[in-house]
Amino acid sequence: MNDVPAPPPTLRLTVDGQALAANWRALDALSGSAGAGAAVKADAYGLGVDNCVPVLRDAGCKAFFVAHWSEVAAVARHVPAAQIAVLHGPLSEADCAYARASGAVPVINSLEQAALWTQSGGGTCHLMIDTGINRLGIALSEVADPRIAALDIDILMSHLASADEKTAMNRMQAELLGEVAETIPHRRLSLANSAGIALGPDFAFDVTRPGLALYGGIPREELAEHIRPVVRVEAQLLQCRQLAPGEGVGYNATFIAPAHMRVGTVSIGYADGFLRSRGPGGALHQAGRALPILGKVSMDMVVVDLVAAPDLRAGDWLEVPWNIVDAAQQNVLSQYELLTIIGGRLRRG
Ligand SMILES: *Cc1c(COP(=O)(O)O)cnc(C)c1O
């Protein structure tokens, strides 16, 4: 097109790499003799693989978990593909061929996947055992199947259904994994996600798989003192305008100016993960001042009240609250949702 580089975007996500590395180290330490891996699916929970995987790698992480085969390439730009596990496993010959070509390791979740992997040539894989979540994984009744015996299993794993709760199911799942481990040859065992790490050493086995807590989420109170916030979101004021009494703001004019007032249009909207539910009652911030949101959040913009900040001009940066723990406590969205909805324009900013 031309040689002029694209100008910087009018919104930005800052991933605090030191906090991310510190969170991984804390979770690795809490995993005791086990090593912590990292769940980096969904573009590292919305924070961007390119922002997060190099930091995790440099902190010492050697096991990365994605959900889809389509997520392998981005992660493999930063770490050896043999360290990448694909949680959904292979559904076709094409998936198996891609696994071999890329070097990423499939997680086998069913007898069908086991047979497919073996028929396509076999090789190192991981195996998911379902110990009660009923999502992915072979059933306990299937562990003695010859299709499982034919596998060359590195990590034998299961996934906790309610690790963020105090429930007897957690221990039951750990015990079931321990029992299965005695009958299926494997090199390493893995059970705990972020919340599972907080359950203690009986849940850590050899490899833990934190996701949420790496990125600043706190699924269990025990983790609060160990986990630092990682995400900061800011957006620029695109325009400031003066409203006369009775004028409406945004789609459907759900805010009507009660008096003369100055407002500002900000470059963030629901396409960036700033959902409409953030609208009334919410605020952006600048230098400690709250700037209430007026009217509906649009796809790319939101309007804020600038009465408290008459000095602000187009181009100034505003803080967009992304305190995932607080927001989840207000029951807006789960901490997971608040991270993974972060839009592509922010991640690539
Ligand atoms: C996403 C995922 C994790 C990470 O869970 P968090 O609750 O985010 O720590 C671990 N294991 C599996 C199988 C997953 O799908």
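Just follow the structure's listing: the first ligand is 1, and inside any ligand the first atom is 1. If you read the sequence from its start, that first residue is 1, and numbering goes on from there.
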For this session: Applying side-chain hydrogen bond (donor to acceptor under 3.5 Å, both in side chains), run through Thr131 and Gln173 and close with a yes or a no.
Result: CA-CA 5 Å; Thr131 54; Gln173 288 193 271; 2.9 Å; yes
For this session: Any chance you could lay out the side-chain hydrogen bond (donor to acceptor under 3.5 Å, both in side chains) test for Ser110 and Gln113, step after step, and finish with the verdict?
Result: CA-CA 5 Å; Ser110 66; Gln113 287 193 343; 4.6 Å; no
Mind listing the side-chain donor-acceptor pairs of residues 275-288 below 3.5 Å, one per line with the distance, residues two or more places apart or on another chain?
residue, atom, partner, partner atom, Å
Arg276, NE, Val297, O, 3.0
Arg278, NH1, Pro321, O, 2.8
Arg278, NH2, Pro321, O, 3.1
Gln286, OE1, Arg289, NH2, 2.5

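Within the structure, the side-chain hydrogen bond (donor to acceptor under 3.5 Å, both in side chains) test picks out the following pairs touching residues 55-83 (sequence neighbours left out): Asp50-His78. For the salt bridge (charged side-chain N to carboxylate O under 4.0 Å, His left out) condition, the pairs that include at least one residue of residues 127-146, sequence neighbours left out, are Asp145-Arg147.
The immediate protein surroundings of ligand 1, defined as residues with any heavy atom under 4.0 Å of it, consist of Ala39, Lys41, Tyr45, Leu87, Met128, Arg135, His159, Asn193, Ser194, Arg209, Pro210, Gly211, Leu212, Tyr336.
Taking every heavy atom of both residues into account, Met128 and Leu87 meet most closely at CE-CD2, 4.5 Å.
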